[in-house]
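Before any comments, here is the structure.
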Amino acid sequence: MTPSIPALTAHGARFPVIGFGTSQLGNCGEIVASALKLGYRLIDTAWKYGTEEGVGKGIKASRVPRQDIFLVTKVSHEYLKADAFADSVEESLERLQTDYVDLLFVHWPAIDGTPLAETMAALAKAKRAGKARHIGVANFNIALLEDARRLCPEPLSVLQAEYHPYLDQSKVLAHCRKVGLAFMAYCPLGRGRLFKDPVIAEIARARGKTVAQVALRWLVQQGNIAPIPRSSNPQHMAESLKVFDFSLTDDEMKRIHGLARPDGRIANPAGRAPKWD
Ligand SMILES: NC(=O)c1ccc[n+]([C@@H]2O[C@H](COP(=O)([O-])OP(=O)(O)OC[C@H]3O[C@@H](n4cnc5c(N)ncnc54)[C@H](OP(=O)(O)O)[C@@H]3O)[C@@H](O)[C@H]2O)c1
């Protein structure tokens with residue numbers, strides 16, 4: 001692990017507090033190799049993003065040893081039945097050119113009636129077979145998360161969900177802390193929506209930092225949260241790692257918390273999203 005990025009731990013999983021997202025990056029081999037060279041050690045991908053092959057190539061090209069990388073992928077909602085799940089994991093590993101991932105997520109809850117118990121058994125089986133060192137769920141609400149924890153024969157370590165200053169996630173965050181799950185924050189920069197925010201811009205100016213750095217600092221400073229910003233720009237990638245040399249005051253933290261708004265959620269696919277907390 002790169003010494004400059006602090007680690008987060010949960011149920012035996014230990015990973016860098018800032019990771020690198022790859023959705024929408026397409027054939028991302030070179031980008032992933034650059035991210036690894038800059039010091040990122042957590043790479044987030046998914047079958048659904050179509051970036052697993054690029055991530056596999058990027059890891060190889062970077063020459064960073066596989067064991068130094070915390071590799072995350074996800075099984076999509078179309079493959080939550082036992083056999084399809086196992087096949088999806090095998091195919092992901094093949095594309096990633098590796099024997100295991102460090103963290104395997106169920107990407108979204110089932111919408112076709114697949115019993116959660118079946119999916120949780122398949123997830124635990126992947127872990128017991130050594131194909132995933134740690135397991136978790138993404139985009140589950142608290143009730144679904146609790147069902148998943150009860151039904152899964154292996155402990156879940158991480159919940160991945162959307163979080164940035166425009167979205168209030170206080171209920172889910174409090175729940176994760178209570179039950180000892182780490183929270184991995186996707187869309188941490190609000191997919192770019194934060195960049196024109198006058199409050200964050202003012203704080204950034206006063207601190208001699210950028211809006212992205214202030215937004216990421218706000219997330220990591222809360223504790224138990226690991227944001228995974230995505231970028232195709234090496235300057236931005238480097239900048240997003242430099243959030244450990246300053247801290248925000250309580251007042252600045254509060255002002256940013258105050259930016260949450262009812263329509264702040266970005267990833268809300270109709271027919272697939274659960275009833276959010
Ligand atoms: N589990 C899920 O359902 C789910 C859903 C959505 C996302 N995710 C994961 O979370 C990752 C991050 O979310 P996201 O990709 O939606 O959005 P994001 O990271 O919030 O925002 C990405 C945008 O921010 C810009 N950016 C990044 N760093 C910057 C910097 N330092 N300064 C200025 N601009 C910067 C990027 O542009 P440039 O390329 O120009 O830097 C890009 O347009 C995804 O890639 C994916 O891995 C998971």
Side-chain angles (χ1 to χ4, degrees), residues 15-16 18-26 28 30-32 34-35 38-40 42-52 54-55 58 70-78 80 92 96 101-111 135-141 144-145 158-167 169 172 182-197 200-201 204 209-220 225-243 264-274 276:
F15 52 89
I18 291 208
F20 186 72
T22 65
S23 70
Q24 301 177 34
L25 289 184
C28 59
E30 277 179 28
I31 298 172
V32 169
S34 310
L38 284 167
Y40 285 90
L42 187 165
I43 308 292
D44 181 76
T45 181
W47 173 83
K48 201 76 176 173
Y49 306 160
T51 54
E52 287 178 327
V55 168
F70 195 89
L71 181 56
V72 183
T73 197
K74 314 182 190 86
V75 175
S76 194
H77 66 279
E78 297 94 332
L80 298 183
S92 288
L96 289 163
V101 288
D102 295 276
L103 179 58
L104 180 67
F105 283 117
V106 170
H107 203 154
W108 287 87
I111 49 169
I135 52 177
V137 291
N139 298 302
F140 277 38
N141 62 20
L144 276 168
L145 172 62
V158 186
L159 172 73
Q160 184 178 106
E162 179 176 338
Y163 191 33
H164 46 75
Y166 289 164
L167 183 65
Q169 284 284 36
V172 183
F183 186 100
M184 198 171 277
Y186 76 64
C187 298
L189 303 171
R191 227 170 251 167
R193 284 169 210 196
L194 303 177
F195 294 123
K196 288 197 178 121
D197 188 275
I200 307 179
K209 291 283 173 185
T210 67
V211 166
Q213 287 169 326
V214 169
L216 294 170
R217 177 70 211 181
W218 176 79
L219 289 167
V220 299
I225 297 173
I228 47 168
R230 177 243 317 168
S231 177
S232 52
N233 174 332
Q235 209 180 314
H236 290 165
M237 290 180 202
E239 183 187 304
S240 294
L241 286 178
K242 291 182 191 138
V243 300
R265 193 179 288 278
I266 297 164
N268 201 10
R272 197 191 316 155
W276 302 111

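All ligand and atom numbering here is 1-based and tracks the order in the structure.
Inter-residue side-chain proximity for I18 and Y40 is flagged as met; some heavy-atom pair is nearer than 4.5 Å. By the 4.5 Å heavy-atom criterion applied to side chains, R265 and Q169 are counted as neighbours. Within the 4.5 Å cutoff, the side chain of Q160 has heavy atoms near those of the K74 side chain. Counting only heavy atoms from C-beta outward, the side chains of L25 and F20 approach each other to under 4.5 Å.
Across every non-hydrogen atom of A273 and W108, the tightest pair is CA-CZ3, 3.9 Å. Considering all non-hydrogen atoms of both residues, L38 and M237 come closest at CD1-CB, 3.6 Å. For the pair Q213 and V243, the tightest heavy-atom approach, listed with the atom from each and the gap, is O-CG1, 3.6 Å. Looking at every heavy atom in both residues, L216 comes nearest to P227 through CD2-CB, 3.8 Å.
At the top of the distance list for atom 34 (N) of ligand 1, counting protein heavy atoms only, stands F195 CZ, 3.1 Å. Given atom 19 (O) of ligand 1, the protein heavy atom at minimum distance is R230 N, 3.0 Å. Counting only heavy atoms of the protein, atom 20 (O) of ligand 1 lies nearest to L189 N, 2.8 Å. For atom 13 (O) of ligand 1, the closest heavy atom belonging to the protein is C187 N, 3.1 Å. The protein heavy-atom contact nearest to atom 6 (C) of ligand 1 is Y186 CD1, 3.3 Å. Considering only non-hydrogen protein atoms, atom 44 (C) of ligand 1 sits nearest to S23 OG, 3.2 Å. Among all protein heavy atoms, the one lying closest to atom 39 (O) of ligand 1 is S232 N, 2.8 Å. For atom 37 (O) of ligand 1, the nearest non-hydrogen atom of the protein is H236 ND1, 4.4 Å.
When heavy-atom distances to ligand 1 are checked against a 4.0 Å cut-off, R191 comes that close through both its backbone and its side chain. Of the heavy atoms in A161, none comes closer than 4.0 Å to ligand 1. Residue-level proximity to ligand 1 for A212 is carried by the side chain, the only part with a heavy atom below 4.0 angstrom. When non-hydrogen atoms are compared, ligand 1 lies under 4.0 Å from the side chain of N139 (C-beta onward) but not from its backbone. With a heavy-atom cut-off of 4.0 Å, Y49 touches ligand 1 through its side chain alone.
Set against the non-hydrogen atoms of G190, the atoms of ligand 1 under 4.0 Å away are 20 (O). Close approach of ligand 1 to Q160 is summarised as follows: ligand atoms under 4.0 Å from at least one heavy atom of the residue are 1 (N), 2 (C), 4 (C), 48 (C). Per-residue contacts place S231 under 4.0 angstrom from the following atoms of ligand 1 (heavy atoms of the residue considered): 27 (C), 28 (N), 38 (P), 39 (O), 41 (O). Per-residue contacts place H107 under 4.0 angstrom from the following atoms of ligand 1 (heavy atoms of the residue considered): 1 (N), 2 (C), 3 (O). Distances below 4.0 Å separate heavy atoms of I228 from the following atoms of ligand 1: 9 (C), 10 (O), 11 (C), 12 (C). Taking every non-hydrogen atom of D44 and a distance limit under 4.0 Å, the qualifying atoms of ligand 1 come out as 9 (C), 46 (C), 47 (O). Of all atoms in ligand 1, numbered sequentially from 1 with element shown, those under 4.0 Å from a heavy atom of E239 are 30 (C), 31 (N), 32 (N). Residue P229 approaches ligand 1 through these ligand atoms, each under 4.0 Å from one of its heavy atoms: 19 (O).
In this structure, the side chain of N139 engages the main chain of H107 through a donor-acceptor pair within 3.5 Å.
A side-chain hydrogen bond (donor to acceptor under 3.5 Å, both in side chains) with T51 holds for exactly one of T22, D44, T73; it is T22. Across L103, V137, V72, a single residue satisfies side chain to side chain contact (heavy atoms under 4.5 Å, CB included) together with V158, and that is L103.
When only interatomic distances are considered, the shortest N/O to N/O separation between A138 and ligand 1 does not fall below 3.5 Å.
No more than 12 heavy atoms of other residues, nucleotides or ligands sit less than 6.0 Å from atom NZ of K242. When the shell of 6.0 Å around CD of E239 is examined, it contains more than 12 heavy atoms from other residues, nucleotides or ligands.
Under the 30°/60° scheme for interplanar angles, the aromatic rings of F70 and F15 are found to be tilted.
Contact annotation: F20 has no heavy atom less than 4.0 Å from any atom of ligand 1.
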